[in-house]
Structures are given as C-alpha cells and as structure tokens.
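Some notes on the structure that comes next.
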2 protein chains.
Amino acid sequence: MILSESIEDYLKAIYALKKEVGKVVTTQLAERLEVKPASVTGMVRKLADMKLVTYKPYQGVALTKAGQKVALEVIRHHRLLELYLNEIMGLPWDKVHQEAEKLEHAISEELEDRIDQLLGHPTTDPHGSPIPSKAGKVNNSSSKKLSEMKRGEKAKIAEVRDEDSELLRYVGELGLFPGKSFEVVNVAPYKGPMTLKIKSKKIIVGREAAKQILVNKISAWN
Amino acid sequence: MILSESIEDYLKAIYALKKEVGKVVTTQLAERLEVKPASVTGMVRKLADMKLVTYKPYQGVALTKAGQKVALEVIRHHRLLELYLNEIMGLPWDKVHQEAEKLEHAISEELEDRIDQLLGHPTTDPHGSPIPSKAGKVNNSSSKKLSEMKRGEKAKIAEVRDEDSELLRYVGELGLFPGKSFEVVNVAPYKGPMTLKIKSKKIIVGREAAKQILVNKISAWN
DNA sequence: GATATTATTTAGGTAAACCTAAATAATATG
DNA sequence: CATATTATTTAGGTTTACCTAAATAATATC
C-alpha cells in the first residue's frame, strides 16, 4: 500500500487527537494540520473510502484497525528517528522533532530496522514518548500533568511535548528531562509558577510549561 | 527558495546528463526521470521561467549558475547520505543509493552539516563519486571506462555507477571497490570478459559491467 | 528533394491536496 | 422556542506534476 505523506500526517494527527481529547472533530484536525476545515472534510471522506477511518458527518472521525496500524508505523518512524538524531548524532532535543517530521516519511523499513537495532530496541524517545513496537503495541503509561500536582507530592518526569522547540529549550535548561525525580515544594496561586526540588536543588517552572509536562506520581508507600 | 522534489530531481538529472553525454535533450531527460517527453517540455519551461535553466526549444537545456548550485546541493546531500548509511550505519553499498534518493530531499542544512562533520568532511561517496563541497566545488577527476582499457595497462578503480543494485552486488563480490589497483591481463574478443589481476589474484569481469566502472590509469613511470 | 522517421511541442485532461465562499446543521442564549 | 453563533459540509476553483493524442519541427533515407 502506497500512502501519501498527507495521508500519513492525517492518520498521525487523528491518533494524537484521539489520545489527547478523546473525540476527533473536523475543526481540531484542521487546526493541528494547519489546513482549512473544508479540506479536512474532503480528506477524511477519502480516508473513509480507503477504510482507514470511520466517519459520520458532524459526528467525528475514528481510526480503523488498518488506520491505526499505519499511524503507529509512522509514529514509530518518528520516535526512532528522534532518538537516533539526539543520542547517536548529537542533535539537541529541541531540534529533533522538526527533522524527524520530514524523515519519517522517507526512511525504508530496512533503515527503520537498522536504527532500531543500533539503538538497542528502545522503548521511549528523547522526550519520553513511547515508541510503538513493530507489531503495533504502545506503552501508554497513564500519567498526569505536572501542572495539576499539589505541594508535597513526588513524581518522575514522564514526557514533554515535543512540538514546541522553545518549550524544550526552556525545560531542558531547567534540567527537567524524562526520568528525573522531584518533589513539588510550592505552587504559587493565580496560575503562578511551581517550585520543584530535584536532588535538593530548587527550580522554578511556569504553570504554562508545566501543563506540557507529563509525570508519573511516586506513591507514598515507595 | 522552496523547491519541490520534482524540481530538484530535474536539476540533478540535467546535471548528470550534461556530465555524461554533453548535451541535454528532452527525450533523454524523460527516459532518466521516467516521465513522458511532453512532461519534460512543460517542466523545463517552468525551470526556465525560474531562471534555473536556459532553454531553447529543439536545442536542449542547460543549467544556469543558480540551477547548478541547487543541483550540487542535492548531489551533496545524496552522496553524504550514501556514505553515512554505508560507513556509519553499516548498510550494504548496493542499498544506499535507493535510500539516499528519498532522504536527500528531507534533510535540513543543519543535519547535512552534522553528517559532514561526523564523517570528517569526506570527498567521495562509497561508489567513488566526488562529494561537492558546500561552496559547490566538485573534484571531477577525468577518468576513463574500465571497458576501454587494453591488456597490460594498470589502473585504480575510481568510480562505480550507483543506480544499479545488481551491478553493485556483482562488482562488490569481485572486490572491485574504489581505490583498488589492478592490471588488465586479458581482454576477450567479441565484447567478451576482461581478466584483471589484483594483488596476484585474478578476477574476471564482464564487458557490460566494465562499462559501468571508471578507472584512473596509473602512468608507466610511476 | 520528396518522403519517412524520430524528436519535440502543443492542447487538453487527470489526480492530489489544498483553497474560498456559500449553504446547512448543530448548539447555545435570551 | 426563536434567533444567534459555531461547526461542518458543499460547490467550485487553483496549483503541481503528471498524462495522452495530435501537430509540428528536425533529421535521415531513397
């Protein structure tokens, strides 16, 4: 099956929106893909004809098994590439998303396999997102937003949104990389900044940035 | 300047044909690009409008300075990628062309620079083709075809055509890699095979394959 | 030098993926 | 519940890069 880059991007976006918002509607798809809603309607009808999505006008879109398979393959390419570019080639973590966005459509299955092998079959990318397996399994550790944590709670950084380069530079300078453990020592009111303690070092992070960071809580009995 | 993949491919093909045949005509361009001659006419007119080529109907096409610059940038991407894929990632030399063909349009200038740096600013790709410098200089060592050599002559393998995977597997099995020195010990008549001696080991190579191999003669007084 | 052949161009058409503007459906508000 | 607002779709248009078929130009052959 030969699918255009556009189609792959649509399927990827539908997968992501489903994960983030639950329901996938025309306007949001259009916004994320930076096209007009009318264009989304047209493409979504086409995807439905191809049995890659199910679509009821005014009701929303959902991936079929076949559509999800394609989406996960593209996401696997993307995240393997991000990790390779960062870890092996030394590109900064705030640059790899943009680069992978183009390369994900260009690499062959053989190159994908080789990258996977060179990286030792990794399971997460540099931003903490899970890398789908070749068979299409994804480790979706149900994590919560850092911005919703309360004072005194402890957690580990799980995942940072990878689309925004500026966010990543900011978060990276603070040392908030996936895997880092911390405690919330203060939460300023009026959507103010949060103060975290990482190994006795205090850092301050804005609430907006904190919304873009997912964490895994460390239970009290650990 | 944002140029489509098609445009980049046309410019690359025009550059290559000019090098190989001297004159670039519609039919040959069409053949190489696997499109119809009528399509070439249309695109070439467009390229002329963009000042990337000069074009006189029925007379042929030639790259302008601007067009050559683009062509060399794409070729630089291609050859750096081939070398990276082969040398660093361990892909066989008969697979890298196909992969680079897609990736050359997808990598950023920053990634190009990083690859160049990781490879130590190389000057030839795995098939012996020169890698244009960032400034657009190419080392075109004027070499001749192996198929045209006579018995007793000595030379070094300079370059093997990279488009044909089967040819590369064949030539690779014979050990005829760029840089290898040899002597022609026999040339069978009627376009028959040639017998070469590499370090006292005799190998036999068909005349058709020999046409695809460029060599640098080693002068007698060396 | 007329005619056949080959090369090239012109004219008109298609598919993909977008667009804008207008129409319609769904939802919210007084 | 009538009306305003927002979401979505429909209709028709654009651009890119192809295509086929027909016309024309260049070249080769008798």
Side-chain angles (χ1 to χ4, degrees), chain A residues 1-15 17-18 20-63 67 70-71 74 101-102 104-106, chain B residues 1-15 17-18 20-63 67 70-71 74 101-102 104-106:
Chain A
M1 201 181 358
I2 317 138
L3 301 173
S4 69
E5 290 196 14
S6 287
I7 289 178
E8 292 187 349
D9 285 339
Y10 271 85
L11 295 173
K12 199 166 54 131
I14 293 166
Y15 182 90
L17 274 181
K18 167 81 177 186
E20 287 163 31
V21 205
K23 200 183 168 192
V24 185
V25 296
T26 306
T27 327
Q28 274 189 299
L29 250 183
E31 201 179 325
R32 173 175 288 245
L33 291 165
E34 298 184 76
V35 300
K36 301 297 164 190
S39 305
V40 170
T41 301
M43 180 59 105
V44 154
R45 296 203 103 97
K46 181 178 167 174
L47 295 176
D49 285 349
M50 300 171 80
K51 307 282 181 203
L52 293 168
V53 305
T54 55
Y55 170 62
K56 282 269 176 72
Y58 296 101
Q59 302 302 131
V61 206
L63 294 174
V70 174
V74 180
E101 202 68 12
K102 291 208 74 188
E104 66 187 12
H105 305 292
Chain B
M1 197 179 4
I2 316 138
L3 300 173
S4 69
E5 290 195 15
S6 286
I7 289 178
E8 291 186 350
D9 285 339
Y10 271 85
L11 296 174
K12 200 166 54 131
I14 293 166
Y15 182 90
L17 274 180
K18 167 81 178 186
E20 288 164 29
V21 204
K23 200 184 169 192
V24 185
V25 295
T26 306
T27 327
Q28 274 189 299
L29 249 183
E31 200 179 325
R32 173 176 288 245
L33 291 165
E34 298 183 80
V35 300
K36 302 295 162 190
S39 305
V40 170
T41 301
M43 179 60 104
V44 153
R45 297 202 103 97
K46 180 176 169 177
L47 295 176
D49 285 349
M50 299 171 81
K51 308 280 181 204
L52 292 169
V53 304
T54 54
Y55 169 62
K56 282 270 176 71
Y58 296 101
Q59 302 303 130
V61 206
L63 294 174
V70 174
V74 180
E101 202 68 11
K102 292 208 73 187
E104 66 188 11
H105 305 292

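Letters A, B, ... mirror the listed sequences (proteins, then strands); counts begin at 1.
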Could you tell me the separation between the [atom1] atom of [X] and the [atom2] atom of [N], rounded to a whole number of Å?
X: A/L47; N: C/dA17; atom1: CG; atom2: C1'; answer: 12 Å
X: A/D49; N: C/dA16; atom1: CG; atom2: P; answer: 11 Å
X: A/Q59; N: C/dA25; atom1: CD; atom2: C1'; answer: 11 Å
X: A/E8; N: C/dA16; atom1: CD; atom2: P; answer: 16 Å
X: A/K23; N: D/dA7; atom1: NZ; atom2: P; answer: 12 Å

*asked:* Can you list everything that forms a side chain to side chain donor-acceptor pair (under 3.5 Å) with A/Q28? Sequence neighbours excluded, please.
replied: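 Partners of A/Q28 by the side chain to side chain donor-acceptor pair (under 3.5 Å) criterion come out as none, since no residue qualifies.
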
_side chain to side chain donor-acceptor pair (under 3.5 Å) partners of A/K12, counting only residues at least two apart_ = A/E101, A/E104

*Taking a pair as Watson-Crick or G-U wobble with both distances under 3.5 Å, which nucleotide is matched to D/dA23?*
C/dT8

*Answer with base, sugar-phosphate or nothing: what part of the nucleic acid does B/V25 contact at a heavy-atom distance below 4.0 Å?*
sugar-phosphate

*What nucleic acid atoms does B/T26 come within less than 4.0 Å of, heavy atoms only: base, sugar-phosphate, or nothing?*
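B/T26: backbone/sugar contact only, no base atoms under 4.0 Å.
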
_Please list all pairs meeting salt bridge (Lys or Arg N to Asp or Glu O under 4.0 Å) that have one or both residues in residues 49-58 of chain A, counting only residues at least two apart or in different chains._
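Listed once each, the pairs would be none.
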
Show every donor-acceptor pair shorter than 3.5 Å between a side-chain atom in residues 30-42 of chain B and any protein atom, with sequence neighbours excluded, or say none if there are none.
unit_1 : atom_1 : unit_2 : atom_2 : d
B/R32  : NH2    : B/E20  : OE1    : 2.7
B/R32  : NH2    : B/E20  : OE2    : 3.1
B/T41  : OG1    : B/P37  : O      : 3.3

_Under the rule for side-chain contact (heavy atoms from CB on, under 4.5 Å), what residues qualify as partners of A/A48, not counting sequence neighbours?_
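So A/A48 forms a side-chain contact (heavy atoms from CB on, under 4.5 Å) with A/V53, A/Y55.
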
*Looking only at non-hydrogen atoms, find the nearest pair between A/L63 and A/A71 and report the distance.*
CD1-CB, 4.2 Å

*If the sugar-phosphate is the primed atoms plus P, OP1 and OP2 and the base is the rest, what is the B/S/- string for nucleotides 11-23 of chain D, using protein heavy atoms under 4.0 Å?*
-----SSSBBB--

